[in-house]
There are 2 protein chains.
Amino acid sequence: MHKPVPNNSLKAACSTCNLRKLCLPVSLSNIEMARLDDLITRKGVYRHGSILYRSGDKFQALYAIRTGFFKTQILNEDGREQVTGFQMAGEIIGMDGISSDAHTCDAVALEDSEVCEIPFSRLEDLGRELPPLQRHLHRILSREIVRDQNIMLLLGSMRAEERLATFLLNLSQRFAVRGYSPTSFQLRMTRHEIGSYLGLKLETVSRALSHLQESKLINVRNRSLEILCLSGLQACMGKRTR
Amino acid sequence: MHKPVPNNSLKAACSTCNLRKLCLPVSLSNIEMARLDDLITRKGVYRHGSILYRSGDKFQALYAIRTGFFKTQILNEDGREQVTGFQMAGEIIGMDGISSDAHTCDAVALEDSEVCEIPFSRLEDLGRELPPLQRHLHRILSREIVRDQNIMLLLGSMRAEERLATFLLNLSQRFAVRGYSPTSFQLRMTRHEIGSYLGLKLETVSRALSHLQESKLINVRNRSLEILCLSGLQACMGKRTR
DNA sequence: CTTATAGCTTGATATATATCAAAATTAACA
DNA sequence: TGTTAATTTTGATATATATCAAGCTATAAG
């Protein structure tokens with residue numbers, strides 16, 4: 001299942017990366033950018049199913065996703081699992097590890113993926129010299145906090161179909177930002193993984209998808225998803241029982 | 001309900017603060033510590049029910065709680081509310097605001113409370129000069145991420161009684177760290193607020209408390225809580241249906 | 001190409017929690 | 001200190017989601 005992780009690595013180049021606006025929207029001079037390039041290494045391909053880092057691993061770096069798709073999940077003592085997020089190109093993962101110098105979740109590739117490794121203490125060093133870079137790091141950390149708190153809202157107060165609508169609209173919007181169709185995309189994760197993320201059982205996810213399809217809001221066939229009515233989904237997201 | 005916030009403010013002194021080990025466990029020289037003191041202002045008392053900051057407020061500072069107790073909550077468009085945390089002395093709040101320069105939640109005092117205001121851009125400035133301070137800020141941000149992800153686990157995979165046991169043990173542990181009894185304390189929040197935090201209705205919270213009491217794990221009378229068996233609660237926390 | 005496995009859907013039923021309601025208790029306030 | 005409002009508890013019932021089960025489909029492996 002988990003293919004070995006190749007060891008080859010090459011110099012990354014944020015300066016010429018087409019994801020820069022997503023990943024690192026910071027204005028730096030050429031010289032400053034070169035220093036950043038210097039610090040970042042492009043890692044080889046992580047095959048589908050392989051693990052970028054595991055809970056308990058020593059924390060040393062953040063990872064910017066160049067291509068592909070990941071999930072992060074925590075497991076507690078009694079084997080309970082919670083998918084804490086799905087990450088795509090231009091997003092940065094690994095920030096959970098800073099607080100205790102060890103990762104607290106697993107990051108697993110859901111398709112063949114490439115990442116850039118950003119050694120954290122060197123990033124901190126550079127941040128001290130380049131205030132815009134420092135500020136950007138702080139924003140990224142805070143954005144993760146805000147994201148997580150919105151998932152708490154979802155888990156704490158939404159019903160199954162609303163959770164799913166919220167999830168699909170979130171994916172849609174993130175694909176759109178990356179220049180892909182906001183209304184037609186492939187789900188990279190299983191119903192079980194969606195369920196874990198949304199606090200639902202896979203059967204409930206399946207039923208909710210079927211129901212959204214009956215309502216003509218989406219078309220879903222296996223992993224292919226088409227959103228037929230964005231505003232309808234939005235309305236569904238905000239629906240309350242009373 | 002919401003008392004006006006007093007405007008008087010005085011110089012804070014981390015250097016002599018008895019919460020320093022909790023709030024700022026960083027080794028700095030006297031001179032460095034003085035520079036930090038210089039940046040932090042001690043705000044007047046926030047009365048019970050008053051608001052430290054509101055969602056939408058411009059983000060300018062983090063706040064270290066000196067005394068008292070706060071809740072943070074987000075409200076979405078359709079009036080749904082989610083309590084995202086309860087914070088006590090020595091903890092730092094406001095980090096949600098960094099990402100967009102505006103707060104994304106409300107912070108409300110659940111009892112008369114005092115805070116130290118830490119202007120964020122000045123903290124960043126000082127962080128560039130004092131690496132241990134910078135590192136500490138990063139740890140705090142990351143710790144918040146880890147905390148939130150553990151709540152996601154709770155909300156996504158635990159049943160009512162487990163959620164409550166987890167919550168009570170978390171409070172217990174935080175009181176213990178502060179030198180208070182881990183087994184006997186006052187709840188500062190209503191059943192409704194506990195329910196909002198745990199993704200449950202207040203009636204369910206009340207029933208779960210009653211049931212833990214019947215099981216001789218706790219004694220609860222209104223807001224007074226006594227834990228009779230820490231290990232029993234721990235066992236209850238890890239209980240799964242199957 | 002065939003077979004095995006993992007993933008998905010749908011139905012029937014069980015169950016945990018929500019909802020509704022009323023009474024009891026506590027806290028706030030005038 | 002009396003009065004009102006808020007909070008809490010508990011019961012009866014409703015409902016959303018989980019569970020169990022079976023068949024189906026797609027994907028991976030031999």
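Note on naming: letters A, B, ... go to the chains in the order of the sequence lines (proteins, then strands), and numbering restarts at 1 for each one.
For E193(A), the salt bridge (charged side-chain N to carboxylate O under 4.0 Å, His left out) test picks out K71(A), with sequence neighbours left out. For the side-chain hydrogen bond (donor to acceptor under 3.5 Å, both in side chains) test, no residue two or more places apart in sequence or in another chain qualifies with Q60(A). When the salt bridge (charged side-chain N to carboxylate O under 4.0 Å, His left out) test is applied to R66(B), no partner is found at least two apart in sequence or on another chain. Applying the side-chain hydrogen bond (donor to acceptor under 3.5 Å, both in side chains) test to D112(B) and every residue at least two apart in sequence or in another chain returns R47(B). Under the salt bridge (charged side-chain N to carboxylate O under 4.0 Å, His left out) criterion, R20(B) pairs with no residue, sequence neighbours left out. Under the side-chain hydrogen bond (donor to acceptor under 3.5 Å, both in side chains) criterion, E111(B) pairs with R188(B), not counting sequence neighbours. In this structure, R143(A) has no salt bridge (charged side-chain N to carboxylate O under 4.0 Å, His left out) partners at least two apart in sequence or on a different chain.
The side chain of T190(B) lies closest to dT7(D) when the candidates are dT9(D), dT7(D), dC8(C). Distance from the side chain of R207(B) is smallest for dA12(D) among the nucleotides dT8(D), dA12(D), dA18(D). Closest to the side chain of R191(B), out of dT9(D), dT9(C), dA18(C), is dT9(D). Side-chain proximity of E203(B) to the nucleotides dT17(C), dC20(C), dT17(D) is greatest for dC20(C).
The stretch residues 208-220 of chain A has no heavy atom under 4.0 Å from DNA chain D, so no residue of it qualifies as close.
Look at CG on L187(A): it is 13 Å from C1' on dG7(C), rounded to the nearest Å. Nucleotide dA18(C) holds its C1' atom 10 Å from the CG atom of L200(B), rounded to whole Å. L198(A) has its CG atom 12 Å from the P atom of dT17(D), to the nearest Å. For K201(A) and dG7(C), the NZ to C1' distance is 16 Å, given to the nearest whole Å. When rounded to the nearest whole Å, the span between CD of E193(B) and C1' of dA6(D) equals 12 Å. If you measure from atom CD1 of I194(B) to atom P of dT8(D), you get 8 Å, rounded to the nearest angstrom. Distance M158(A) CE to dA16(D) P: 17 Å, rounded to the nearest Å. Rounded to whole angstrom, the span from the CG atom of L164(A) across to the P atom of dT17(D) amounts to 11 Å.
Screening residues 82-92 of chain A for side-chain hydrogen bond (donor to acceptor under 3.5 Å, both in side chains), with sequence neighbours left out, gives T72(A)-T84(A), T72(A)-Q87(A), E91(A)-R174(A), E91(A)-R178(A). Applying the side-chain hydrogen bond (donor to acceptor under 3.5 Å, both in side chains) test to every pair with at least one member in residues 209-235 of chain B, sequence neighbours left out, gives these pairs: E161(B)-H211(B), Q186(B)-S224(B).
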Distances under 3.5 Å between nitrogen or oxygen atoms of protein and nucleotides 24-28 of chain D:
| residue | atom | partner | partner atom | Å |
| --- | --- | --- | --- | --- |
| dA26(D) | OP1 | R221(A) | NH2 | 2.3 |

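Using a distance-only test at 3.5 Å, with no hydrogens or angles considered, a donor-acceptor pair links the side chain of E162(B) to the main chain of R159(B).
Comparing the axis of the opening five pairs of the helix from dC1(C)-dG30(D) to dA30(C)-dT1(D) with that of the closing five pairs yields an angle of 60°, rounded to 10°.
In this structure, Y197(B) has its ring center under 6.0 Å from that of F167(B). Taking the centre of each ring, F185(B) and Y180(B) stay at or above the 6.0 Å mark.
Nucleic acid contact for G195(A): none, since no nucleic acid atom lies under 4.0 Å from a heavy atom of the residue.
Not one side-chain nitrogen or oxygen of T204(B) sits closer than 4.0 Å to the OP1 or OP2 atom of dT17(C).
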